[in-house]
Number of protein chains: 2
Amino acid sequence: MKIGELAKRSGLSAHTIRYYERIGLLPHADRDQSGQRDYDASILIWIEFLDRLKTTGMPIREMLRYAALRERGVGTEAERSALLEQHRERVRAHVVELQTCLLVLDTKIAGYAGKDQRMKDYDAPIPQRRKPAGARQAGAR
Amino acid sequence: MKIGELAKRSGLSAHTIRYYERIGLLPHADRDQSGQRDYDASILIWIEFLDRLKTTGMPIREMLRYAALRERGVGTEAERSALLEQHRERVRAHVVELQTCLLVLDTKIAGYAGKDQRMKDYDAPIPQRRKPAGARQAGAR
DNA sequence: TCTTGATTTAGAGTGCACTCTAAGTTGTAG
DNA sequence: CTACAACTTAGAGTGCACTCTAAATCAAGA
């Protein structure tokens with residue numbers, strides 16, 4: 001498989017694939033007689049895993065740590081496992097945080113939904129300066 | 001409250017607060033006689049909300065859209081609500097994605113845990129080329 | 001009053017993760 | 001054989017969200 005094909009299949013751009021190889025996230029690809037990269041389909045599994053790490057917010061330098069351990073192979077399992085476990089905890093914590101934020105969003109949106117004219121500006125309810133009816137300029141600030 | 005105090009209370013740096021004001025995420029702060037920013041505690045609520053948006057991955061340009069609607073005040077509720085609802089869906093989808101990734105991580109970590117010497121390199125199990133016992137170089141690739 | 005720390009501005013610099021460009025080589029359909 | 005698309009490299013450029021610098025002014029305690 002050449003780089004264009006791998007790009008299509010992996011969802012990464014060819015540029016990004018070369019970049020990942022350059023920095024060490026992807027192993028140096030074998031080249032054919034003319035110097036073009038020739039990939040084995042098995043690389044897709046690794047790319048997919050990298051994608052999971054990326055999706056969950058792992059910075060590239062940490063993926064590099066993992067990738068380096070993986071390249072070293074046998075004897076690095078404990079360290080790789082520890083790295084993933086640490087990451088898992090961070091992701092779990094982040095999910096919890098997101099769920100809290102979702103509740104806040106729900107509340108906020110519900111506030112807008114209860115808008116049968118009762119509320120003017122839910123974000124910044126101004127201290128009602130008692131004045132007849134000509135309340136223009138809700139003074140959001 | 002001066003900017004340093006607000007920085008402490010909000011968790012943003014004074015630099016960031018000024019930056020947010022410059023780009024319009026925070027309203028132009030009132031100044032005291034000597035030109036220094038003087039904040040009302042109510043700004044903390046807005047900053048906290050911005051923080052939620054940031055945590056949930058909203059890009060600044062979209063926060064700016066929301067902030068601008070908020071400044072316009074009355075009459076922009078529907079648009080603000082729509083914006084938040086759209087964002088909420090994205091966040092929900094992202095949480096689902098993260099949970100899928102967590103399952104993958106769990107599996108991966110479980111693989112490392114079942115390491116009573118049975119497995120050498122779980123990442124890249126090499127096609128076992130039958131050879132007596134001297135299996136060095138797990139050839140992760 | 002002196003000094004130290006906080007604040008002001010405009011604008012430059014940083015780190016991350018790509019993303020693209022240029023100039024050249026290779027592969028393939030017509 | 002001729003196009004033309006896909007590939008190669010080194011290196012420059014981009015977008016985002018800050019983060020810091022310089023030089024000046026301001027505030028508050030010894």
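The figures that follow rest on heavy atoms only: side chains count, while hydrogens, waters and symmetry mates do not. Reminder, nothing fancy here: chain letters follow the sequence lines and each chain counts from 1.
B:Ile23 and B:Leu26 fall within a single hydrophobic cluster, where Ile, Leu, Val, Met, Phe, Trp and Tyr side chains are chained together by heavy-atom contacts under 4.5 Å.
From B:Arg31, atom CZ reaches atom CD of B:Gln36 across 10.0 Å, with rounding to the nearest 0.5 Å.
Between A:Ile60 atom CD1 and C:dT19 atom P there is a gap of 10 Å when expressed in whole angstrom units. With rounding to whole Å, B:Leu50 atom CG is found 15 Å from D:dC18 atom C1'. We find that NZ of B:Lys8 is positioned 13 Å from P of C:dG5, with the value rounded to whole Å. Whole-Å rounding puts the A:Leu25 CG to C:dA17 C1' distance at 11 Å. At whole-Å resolution of the value, CD1 in B:Ile17 and C1' in D:dA17 are 15 Å apart. Atom CZ in B:Arg61 sits roughly 15 Å away from atom C1' in D:dC18 (whole-Å rounding). When the C1' atom of D:dG15 is taken as reference, atom CD of B:Glu62 falls 16 Å away, rounded to whole Å. As rounded to whole Å, 16 Å separates atom C1' of D:dC7 from atom CG of A:Asp30.
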Base versus backbone protein contacts along nucleotides 20-30 of chain C [heavy-atom cut-off under 4.0 Å; B, S, -]: BB----SS---

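In this structure, A:Asp38 contributes its side chain and A:Met1 its backbone to a donor-acceptor pair below 3.5 Å. No donor-acceptor pair closer than 3.5 Å links the side chain of A:Glu71 to the backbone N or O of A:Leu69.
Proximity note for B:Tyr19 (side chain, C-beta onward) versus D:dC18, C:dT9, C:dC18: the nearest is D:dC18.
Within the structure, a side-chain polar atom (N or O) of A:Arg37 is placed less than 4.0 Å from OP1 or OP2 of D:dT9. Neither OP1 nor OP2 of C:dA17 sits under 4.0 Å from any side-chain N or O of A:Tyr20.
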Please tabulate, one pair per line, all N/O donor-acceptor pairs under 3.5 Å involving side-chain atoms of residues 54-64 of chain A, not counting sequence neighbours.
| residue | atom | partner | partner atom | Å |
| --- | --- | --- | --- | --- |
| A:Thr55 | OG1 | A:Asp51 | O | 2.8 |
| A:Thr56 | OG1 | A:Arg52 | O | 2.8 |
| A:Thr56 | OG1 | A:Leu53 | O | 2.9 |
| A:Thr56 | OG1 | A:His87 | NE2 | 2.7 |
| A:Glu62 | OE1 | A:Arg90 | NH2 | 3.1 |
| A:Glu62 | OE2 | A:Arg90 | NH2 | 2.9 |

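In this pair, B:Phe49 and B:Tyr66 present their aromatic rings tilted. The plane angle is within the 30 to 60° band.
Here A:Glu89 pairs with A:Arg92 under the side-chain hydrogen bond (donor to acceptor under 3.5 Å, both in side chains) rule; sequence neighbours left out.
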